[in-house]
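Notes to accompany the following structure.
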Amino acid sequence: MKIKFLGHSAFLIEGSKNLLFDPFLTDNPVAAAKPYDLHPDFILVSHGHSDHFADALDIAKANDATIISVNELALYAMRRGANAHPMHIGGGQRFAEDLYVKLTTALHGNALIEEGLSQYLGVACGFIVKMDGKTIYFAGDTALTYDMKAVIGDFHRIDVALIPIGDNYTMGPDDALKAVEWLNPRIVIPMHYNTFPLIAQDGQAFAQKVEKLFPEKKVFALEPGQILEL
Ligand code: NI
Ligand code: MN
């Protein structure tokens with residue numbers, strides 16, 4: 001399995017299926033891919049904010065890919081002509097013999113701003129993905145929440161946790177450190193930072209703090225374009 005960081009919260013995970021997460025590319029100053037270079041089977045969208053939903057419709061339509069998200073966002077995507085699979089928090093679904101997706105809570109908003117008007121698209125979510133024998137947790141945009149321990153960490157042996165550390169809109173590095181303790185993943189990849197000055201953080205400093213507190217864990221503060229192979 002290959003996990004490629006595309007910048008901000010956008011990731012491409014290549015395994016028996018190709019999964020694209022929160023494809024913010026066209027307007028992303030640090031994007032490491034062009035939308036037309038990506039050919040996912042599924043696009044997992046955590047919420048409708050412009051730095052997450054972004055290129056999802058175009059990529060879904062160009063590849064006949066299915067958008068997986070909360071019901072309200074999925075129905076919106078279908079109204080706009082894309083394939084989508086509506087789910088909701090706590091619900092899981094098997095999409096292929098070796099691909100299972102479950103939606104998790106994320107403490108965050110979920111609106112799409114179009115022509116200055118907010119269109120509410122339900123609640124924001126995160127994802128537990130089980131593919132090819134690995135368990136990945138993609139937190140989306142979220143505050144630290146005790147669900148990370150009681151609902152997510154205690155029930156899943158997480159191989160890789162993708163968690164925000166940018167602060168301001170999501171958890172910052174200190175809360176993310178507690179999230180690592182609660183989630184108890186083998187590997188951590190920080191995201192949602194350094195895309196613009198408001199969410200500037202030191203990914204390497206975060207990695208050192210985590211690895212000092214939890215020597216058995218590995219943190220990869222990937223640069224956009226970098227790939228982690230599992
Ligand atoms: Ni957001
Ligand atoms: Mn965001």
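First listed ligand is number 1; within each ligand, the first listed atom is number 1.
Within Asp51, the N/O/S atom positioned nearest the Mn ion (ligand 2) carries the name OD2. For Asp141, the N, O or S atom closest to the Mn ion (ligand 2) goes by the atom name OD2. His49 has its closest N, O or S atom to the Ni ion (ligand 1) at the position named ND1.
Atom CD of Glu223 sits in a sparse spot, with 12 or fewer heavy atoms from other residues, nucleotides or ligands closer than 6.0 Å.
Residue contact annotation: Asp141 places an N/O/S atom under 2.8 Å from the Ni ion (ligand 1). Between the Mn ion (ligand 2) and His8 there is no N/O/S contact shorter than 2.8 Å. Within the 2.8 Å limit, His108 places no N, O or S atom next to the Mn ion (ligand 2). Among the atoms of His52, no N, O or S atom is found under 2.8 Å from the Ni ion (ligand 1).
Aromatic ring orientation, Phe21 versus Phe127: perpendicular (interplanar angle above 60°, classes split at 30° and 60°). The aromatic rings of Tyr146 and Trp182 sit perpendicular, their planes meeting at an angle over 60°, well past the 30° parallel limit.
Computed with the Ni ion (ligand 1) at the centre, the His47 NE2 to His108 NE2 angle is 100°, stated to 10 degrees.
Counting heavy atoms from C-beta outward, Glu181 and Met148 have side chains that stay 4.5 Å or more apart. A 4.5 Å side-chain heavy-atom check between Thr26 and Pro35 finds at least one atom pair inside the cut-off.
Salt-bridge formation is detected for the pair Asp174/Lys209: a Lys NZ or Arg NE/NH1/NH2 atom is positioned less than 4.0 Å from an Asp or Glu carboxylate oxygen.
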